[in-house]
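The sequence lines fix the lettering, A, B, ..., with proteins before strands; numbering per chain opens at 1.
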Amino acid sequence: MEAKGIKGFKDILPSEIKKWQYLERKAEEVFENAGYSEIRIPLMEFTEVFSRSIGEDTDIVEKEMYTFQDKSGRNITLRPEGTAPVVRAYVEHGLYAGPQPARLYYLGPMFRYERPQAGRYRQFYQIGVEALGIDEPLLDAEVVMMLWHLFEKMKLNDLELQINSLGCRNCRSIYIKKLKEYLGDKLPLLCPDCKKRYDVNPLRVLDCKRDQCRESTKDVPGILDSLCKSCKEHFEDVKGYLGELSIPFKINQRIVRGLDYYTKTTFEVIAKGLGAQNAVAAGGRYDGLVEDMGGPPTPGIGFAIGVERVISLIQDTFPEQKPFIYLTSLGNPGHALSIKLTRQLRDAGIKAELGYGNSLKSQMKKADKSGAKFVLIIGDEEIRKGLGILRDMDTKAQDNIDLKQAFEILVKRLG
RNA sequence: GUGGGCGUAGCUCAAUCGGUAGAGCACUGGACUGUGGCUCCAGUGGUUGAGGGUUCGAUCCCCUUCGCUCACCCCA
């Protein structure tokens with residue numbers, strides 16, 4: 001057979017994994033500090049969990065889901081996103097009966113059958129947050145703040161926060177009517193895709209990237225002007241809180257989101273210079289979703305971070321690790337002593353790498369590549385004298401150390 | 001699903017007009033009998049993505065196919 005992975009499914013090799021762990025740790029730290037708890041949801045759900053919540057007419061449901069029948073003929077889908085399963089779990093386990101908001105976060109792979117390109121894969125990773133049970137704008141601001149705080153802690157540059165409001169279901173349907181009236185005249189000017197969108201989901205015409213459509217819809221009425229009083233107040237409050245926090249944001253009335261469940265506040269974080277797929281995180285409010293899923297009327301808001309996209313923003317030169325030791329040895333007595341010492345050092349919490357190779361030279365080369373601060377050399381001669389050689393790889397200084405006290409000496413140097 | 005670009009050593013890439021494949025890096029060893037980075041030398045490593053066609057002869061030209069990649073659609 002040929003060793004070959006599936007299209008759009010990537011290995012994450014050891015040379016890259018430090019960045020992943022860095023992002024995961026920072027996210028955990030920020031979310032836990034905000035009172036959020038991790039929830040682990042399955043990779044698969046009944047297909048209806050996604051088709052009903054995301055929307056039957058969306059691209060995700062229409063053409064991007066990995067769906068199959070299991071052995072008993074049930075329709076199963078590999079999760080294309082995390083919000084629907086989390087809401088399903090929230091309803092199934094009655095989390096609405098606990099203190100609200102229920103603060104949850106998750107991380108793991110999602111699956112969408114799309115043509116891969118820069119920043120897009122068929123198996124891709126998201127870190128997501130959901131806060132359920134509170135409809136106050138204060139929560140919107142806190143959730144956005146958390147996301148922004150995470151990116152700040154990671155020192156990511158050239159990010160832009162864009163926000164919008166889609167209103168509640170009432171004001172949205174009023175706006176859609178208004179929008180269709182406006183677009184009706186322009187229809188001949190629009191691209192074929194947009195002509196289809198006009199019927200299926202007119203909001204998405206706003207999202208079209210073609211210059212011609214952009215130009216033709218330049219003076220389109222904004223959705224923010226159509227918001228009802230309470231939706232407008234909600235959005236004003238969110239903006240006010242973000243202002244208090246000095247979090248810079250831009251209003252983009254063309255953020256419409258491709259999933260049907262979004263209401264009111266929506267937002268995206270864009271990274272410039274990432275290629276076409278440049279949204280590193282996105283989210284919004286979904287006030288009707290819990291009820292759609294069979295739970296009590298419950299508001300909610302959340303976001304998802306595109307892990308691969310954030311990873312690609314992290315510098316390669318990152319970060320230094322604490323000094324550690326590489327143990328080289330020649331001959332059986334030397335090997336035996338060196339493996340014993342290795343175990344003791346690791347027990348004491350000190351990183352110790354064991355050397356392999358027939359010559360001291362080859363072991364030294366490997367020690368150099370490993371980035372070790374110190375090398376301990378134990379050969380036949382050292383065993384005879386009872387003195388090991390401890391070499392500092394940066395300064396090239398060497399000390400003879402008493403092998404009987406080697407452990408204590410090394411702990412002092414490295415601990 | 002649609003369109004463009006590209007497939008030669010583990011990686012990055014050469015190969016003139018069509019003449020049977022080469023360099024750098026990496027890896028292993030040596031120069032330096034037990035001391036890394038620098039230098040020099042040597043070795044390992046190839047179904048030129050696959051299949052077919054044209055030709056005395058194809059990495060090169062033609063067809064088919066597979067893969068990778070970027071972009072569209074859409075999305076994190």
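Near RNA chain B, meaning a heavy atom under 4.0 Å away, the residues from residues 350-361 of chain A are L360(A), K361(A).
With Q100(A) contributing its side chain and L95(A) its backbone, the two residues share a donor-acceptor pair below 3.5 Å. Checking side-chain atoms of N164(A) against main-chain N and O of I255(A) turns up a donor-acceptor pair under 3.5 Å. Put simply, the side chain of Q253(A) gets close to the backbone of I223(A): a donor and an acceptor are under 3.5 Å apart.
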Margin query: Test side-chain contact (heavy atoms from CB on, under 4.5 Å) on V375(A) and M393(A); report intermediate values, then the result.
Written below: CA-CA 7 Å; V375(A) 171; M393(A) 294 298 271; 3.6 Å; yes
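Straight-line distance between the C1' atoms of A21(B) and A15(B): roughly 7 Å, to the nearest whole Å. Using atom C1' as the reference point in both U8(B) and G45(B), the two lie 14 Å apart (nearest Å). Between A58(B) and U54(B), the distance separating the two P atoms is 11 Å to the nearest Å. To the nearest whole angstrom, the two P atoms, one in G22(B) and one in U16(B), are 13 Å apart. With both ends at atom P, the span from C11(B) to U69(B) equals 13 Å, rounded to whole Å. Rounded to the nearest Å, the gap between the C1' atom of U65(B) and that of G7(B) is 13 Å. If you take atom C1' in G4(B) and the same atom in C17(B), they sit 29 Å apart, rounded to whole Å. Rounded to whole Å, the P atom of C27(B) lies 28 Å from the corresponding atom of C70(B).
Protein atom CZ of F267(A) is 11 Å distant from nucleotide atom P of A76(B), rounded to whole Å. Atom-to-atom, CD of E56(A) to P of C74(B) comes out at 19 Å; the value is rounded to the nearest Å. Rounding to whole angstrom units, CG of residue L330(A) and P of G36(B) are separated by 13 Å. Computed from coordinates, the D394(A) CG to U35(B) C1' distance equals 15 Å when rounded to whole Å. Counting to the nearest Å, the P atom of G37(B) and the NZ atom of K366(A) are 14 Å from each other. Rounded to an integer number of Å, the gap from L203(A) CG to C74(B) C1' is 15 Å. Rounded to whole Å, atom P of C74(B) lies 13 Å from atom CD of E268(A). Taking atom CG on N278(A) and atom C1' on A71(B), their separation rounds to 14 Å, with Å as the unit.
Using a 4.0 Å heavy-atom distance criterion, Y121(A) is classed as a base contact. Among the atoms of the strands shown, only primed sugar atoms or phosphate atoms (P, OP1, OP2) are found under 4.0 Å from some heavy atom of L259(A). Residue-level contact check: K63(A) touches the bases, meaning some heavy atom is under 4.0 Å from a base atom. If you check every strand for non-hydrogen atoms under 4.0 Å, Q277(A) touches a base. Nucleic acid contact for G128(A): none, since no nucleic acid atom lies under 4.0 Å from a heavy atom of the residue. Residue R112(A) is classed as a base contact, given a heavy-atom separation below 4.0 Å to a base. Nucleic acid contact for K396(A): base, since at least one base atom lies under 4.0 Å from a heavy atom of the residue. No engagement by A367(A) is indicated, since no non-hydrogen atom pair under 4.0 Å with the nucleic acid exists. Counting any heavy atom pair closer than 4.0 Å across all strands shown, D59(A) reaches sugar-phosphate atoms only and no base atom. Heavy atoms of E64(A) sit under 4.0 angstrom from primed sugar atoms or phosphate atoms, though from no base atom. When heavy atoms are screened at a 4.0 angstrom cut-off, V280(A) is found touching the sugar-phosphate backbone but no base atom.
Contact check, K4(A) against C68(B): a side-chain N or O comes under 4.0 Å of OP1 or OP2. Phosphate proximity of C70(B) to Q117(A): absent, as no side-chain N or O sits under 4.0 Å from OP1 or OP2. Phosphate contact (OP1/OP2 of C68(B), side-chain N/O of K7(A), threshold under 4.0 Å): present. Taking only side-chain nitrogens and oxygens, K10(A) comes nearer than 4.0 Å to OP1 or OP2 of U69(B). Note on R197(A): a side-chain N or O is less than 4.0 Å away from OP1 or OP2 of C74(B).
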Next item on the list: Would you give a per-nucleotide map of nucleotides 6-12 of chain B, 5' to 3', where B means the base has a protein non-hydrogen atom under 4.0 Å away, S means only the sugar-phosphate does, and - means neither?
Entry: -------
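Within a 6.0 Å radius of CG in D70(A), other residues, nucleotides and ligands contribute more than 12 heavy atoms. Heavy-atom contacts from other residues, nucleotides or ligands closer than 6.0 Å to CZ of R346(A) number more than 12.
Each of A71(B), A76(B), U28(B) was ranked by its minimum atom distance to the side chain of A118(A); first place goes to A71(B). Closest to the E308(A) side chain, of the nucleotides G34(B), A76(B), A71(B), is A76(B). The listed nucleotides are G37(B), U28(B), A76(B); the one nearest the side chain of F124(A) is A76(B). Among the nucleotides C74(B), G29(B), G3(B), the one closest to any side-chain atom of S362(A) is G29(B). In the set U35(B), A71(B), A76(B), the nucleotide with an atom closest to the side chain of M364(A) is U35(B).
Under a 4.0 Å N-O distance rule, the pair R384(A)/D380(A) does not qualify as a salt bridge. A salt bridge is defined here as a Lys NZ or Arg NE, NH1 or NH2 lying under 4.0 Å from an Asp or Glu carboxylate O, and R40(A) with E38(A) meets this definition. Ionic pairing of R285(A) and D287(A) is present here: one or more N-O contacts between side-chain nitrogen and carboxylate oxygen are shorter than 4.0 angstrom. Using a 4.0 Å cut-off between a side-chain N of Lys or Arg and a carboxylate O of Asp or Glu, R52(A) and E48(A) do not qualify as a salt bridge.
When the side chain to side chain contact (heavy atoms under 4.5 Å, CB included) test is applied to S338(A), the partners found at least two apart in sequence or on another chain are L327(A), S329(A), L354(A), I378(A). Taking E291(A) as the reference, P297(A) meet the side chain to side chain contact (heavy atoms under 4.5 Å, CB included) condition, with sequence neighbours excluded. In terms of the side-chain hydrogen bond (donor to acceptor under 3.5 Å, both in side chains) criterion, residue partners of Q123(A) (sequence neighbours excluded) are, by chain and number, Y125(A).
A side-chain donor-acceptor contact under 3.5 Å links H234(A) and D140(A).
Side-chain atoms of E382(A) and base atoms of G34(B) include a donor and an acceptor less than 3.5 Å apart. Checked by distance alone, Q363(A) brings no side-chain donor or acceptor within 3.5 Å of a matching partner on the base of U35(B).
For the pair K180(A) and Y198(A), the cation sits on the ring face: its NZ or CZ lies under 6.0 Å from the ring centre, inside 45° of the axis.
For an aromatic pair to be called close, the ring centres must be under 6.0 Å apart, and F31(A) with Y105(A) satisfies this.
In secondary-structure terms, RNA chain B builds stems of at least 3 consecutive Watson-Crick or G-U pairs, each pair having both distances under 3.5 Å, at B:1-7 with B:66-72, B:10-13 with B:22-25, B:27-31 with B:39-43, B:49-53 with B:61-65.
In this structure, Y113(A) and G379(A) both approach RNA chain B, and ranking their closest nucleotides by distance from the 5' end singles out Y113(A).
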